[in-house]
Visitor: 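Dropping the structure in here first, questions after.
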Amino acid sequence: MEKLKIAGGYPLKGTVRVSGAKNSAVALIPATILAESPVTIEGLPDISDVHMLKSLMEEIGGSVEFSENEMTVDPSSMISMPLPNGKVKKLRASYYLMGAMLGRFKKAVIGLPGGCHLGPRPIDQHIKGFEALGASVTNEQGAIYLRADELRGARIYLDVVSVGATINIMLAAVRAKGRTVIENAAKEPEIIDVATLLSNMGAKIKGAGTDVIRIDGVDSLHGCRHTIIPDRIEAGTYMILAAAAGNGITIDNVIPEHIESLIAKLKEIGVQIETSDEQVFVGPAEVYKAVDIKTLVYPGFPTDLQQPFTSLLTRAQGSSVVTDTIYGARFKHIDELRRMNANIKVEGRSAIINGPIQLQGAKVKASDLRAGAALVIAGLMAEGITEVTGLEHIDRGYSHLVEKLNGLGATVWREELTKEEQEQLKNA
Ligand code: EPU
């Protein structure tokens, strides 16, 4: 087990390149199960979630080649093997194995998904969708059993706008008989990315990126080559980092339209922003103004950037309010930021940040992926050394973080935890 050490307080400069989107990758890889010949995905991020999915594809009989961010999955010999425990439980997005395996084999046994602990994360809308398509779904001792004689297209209205349910129902429906209509669908760019891959595989999907998606089922899907979209959340994290601790940083491989809500908020704070086709330049503000943010479904302000944004707001003059309407309990990073001298209180679904405050280095723990990003940014802003543990969360979603930060002039390194530190963490 390792910790990340950050020598804070040095202004960062230069260019950082964004990797492929984690939240696309974790759906694109399971989507390959639906084909009958090899599928190649280019530009995948080098993160632990991708490595975990690679081994899950192998576990069910797929043959996988993965090098230089390109993965080819040959799904022709896959079988519907029960995957109740182990790796499945470590990965939130393992729920996409349900839709993909149901779509191809009409049966699946998958453990309940793990991933970041952000409060309750039900999958009732996924299940509602599978049942509408004709599957029986039962929960037996922590594993979900899905079975169908055949899948038939259906009209499905999502009671909650859900990225996962929208994608999962698309995966199950592309090989169902007849037409499926998903109403009140999520509109995130990752949904368009998955629909593009499936269409390249021969699926018939219209309306991805709007709130009504129509899918006409086909009998079989074939292999193809697909390039993943850039990670808008990783891009947003580096933009926030640039605003918080930078002295002129260019973020490369970005689709600026995917992060308009963040750009608007950074401008409101007073940060300089210039966008071009695939790059965003972020320069420091003369005065950092307090702003309020409220997370919403896309194209609103993403919940995944709320935590990193909170670290930036400790620099702003006055009182800022961050409200998370998607995950009301996504505030585990706040106690850690307080250890670093931040003046923040949590009231219900909101965090109230009073600034400006000079953060101080401290020993802190990442409780989830984006909490980790928030603490890394705080460490770069702080005086002195910050030590971040819980790196397994950060490694799930940020490709080559240390190299990218040091490329911007940061002094960041990983160190093995001592035996005492490992004991302390276990008992914490
Ligand atoms: N919800 C339900 N029932 C469901 C599904 C969702 O009530 O069946 C609720 C959730 O509890 C939540 C809201 O609906 O309050 C939205 O959840 P959604 O299903 O959209 O989230 P998800 O698909 O589980 C993805 C990302 C998350 C990101 C959310 C919201 C992946 C693998 N994960 O999760 O990403 O926060 O959408 O945008 O795509 C992250 O990257 O750090 C991360 C957690």
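We count ligands from 1, going down the list as the structure has it; atoms in each ligand are counted the same way.
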Visitor: Could you tell me whether Asp368 and Arg396 make a salt bridge, using a distance below 4.0 angstrom between a side-chain N and a carboxylate O?
Guide: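 Answer for the salt bridge query: no.
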Visitor: Quick one: which ligand 1 atoms are inside 4.0 Å of a heavy atom on Leu369?
Guide: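 Reading through ligand 1 atom by atom, the close ones are 42 (O).
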Visitor: Could you tell me which atoms of ligand 1, counted from 1 in the order shown, lie closer than 4.0 angstrom to a heavy atom of Gln125?
Guide: 3 (N), 4 (C), 8 (O)
Visitor: Would you say Tyr298 contacts ligand 1, with heavy atoms under 4.0 Å as the rule?
Guide: no
Visitor: Can you label the angle between the His126 ring and the Phe130 ring as parallel, tilted or perpendicular, going by 30° and 60°?
Guide: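 Judged by the thresholds at 30° and 60°, the geometry between His126 and Phe130 is perpendicular.
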Visitor: Give the numbers and elements of all ligand 1 atoms closer than 4.0 Å to a heavy atom of Tyr327.
Guide: 12 (C), 17 (O), 21 (O), 22 (P), 24 (O), 29 (C), 34 (O), 36 (O)
Visitor: With only distance considered, is Thr303 within less than 3.5 Å of ligand 1 through an N or O on each side?
Guide: no
Visitor: To the nearest 0.5 Å, what is the distance between OG on Ser94 and CG on Leu56?
Guide: 7.5 Å
Visitor: Does the residue Arg330 have a heavy-atom contact with ligand 1, meaning some pair of atoms that are separated by less than 4.0 Å?
Guide: yes
Visitor: Does a side-chain N-to-carboxylate-O contact under 4.0 Å join Glu190 and Lys22?
Guide: no
Visitor: Just to be sure I'm reading this right: ignoring hydrogens, which of Gly164, Pro122, Gly372 gets closest to atom 23 (O) of ligand 1? Compare them by their nearest heavy atoms.
Guide: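 Shortest heavy-atom distance from atom 23 (O) of ligand 1: Gly164.
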Visitor: Can you list the ligand 1 atoms lying under 4.0 Å from a non-hydrogen atom of His126?
Guide: 8 (O)
Visitor: What's the verdict on salt bridge (Lys or Arg N to Asp or Glu O under 4.0 Å) for Glu336 and Lys365, showing C-alpha distance, side-chain angles and the deciding distance?
Guide: CA-CA 7 Å; Glu336 306 304 297; Lys365 186 174 173 203; over 6 Å; no
Visitor: Below 3.5 Å, N or O to N or O, backbone or side chain included: is there any such pair between Ala165 and ligand 1?
Guide: no
Visitor: Does the distance from a Lys or Arg side-chain N to an Asp or Glu carboxylate O, for Glu268 and Lys289, drop under 4.0 Å?
Guide: no
Visitor: Taking all heavy atoms of Ser350 and all of Val321, pick out the closest pair and write down the distance.
Guide: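 Taking every non-hydrogen atom into account, CB-CG1, 3.9 Å.
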Visitor: Between Phe309 and Phe301, how do the two ring planes meet: parallel, tilted or perpendicular, split at 30° and 60°?
Guide: perpendicular
Visitor: Please indicate whether any nitrogen or oxygen in Arg370 is less than 3.5 Å from any nitrogen or oxygen in ligand 1.
Guide: yes
Visitor: Measuring from Tyr298:OH to Thr303:OG1, what's the distance to the nearest 0.5 Å?
Guide: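 Output value for this atom pair is 16.0 Å.
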Visitor: Should Lys22 be listed as contacting ligand 1, given a heavy-atom distance under 4.0 Å as the test?
Guide: yes
Visitor: Taking atom CZ of Arg155 as the centre, does the number of heavy atoms from other residues, nucleotides or ligands within less than 6.0 Å exceed 12?
Guide: no
Visitor: Show which atoms of ligand 1 fall inside a sub-4.0 Å distance from at least one heavy-atom site of Val163.
Guide: 18 (P), 19 (O), 20 (O), 23 (O), 37 (O)
Visitor: Could you tell me whether some N/O pair between Asp124 and ligand 1 is separated by less than 3.5 angstrom?
Guide: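 N/O-N/O distance under 3.5 Å: yes.
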Visitor: Output yes when the distance from some N or O of ligand 1 to some N or O of Ile326 is under 3.5 Å, and no in every other case.
Guide: yes
Visitor: Evaluating non-hydrogen atoms only, which member of Val160, Leu91, Leu158, Asp159 is closest to atom 14 (O) of ligand 1?
Guide: Val160
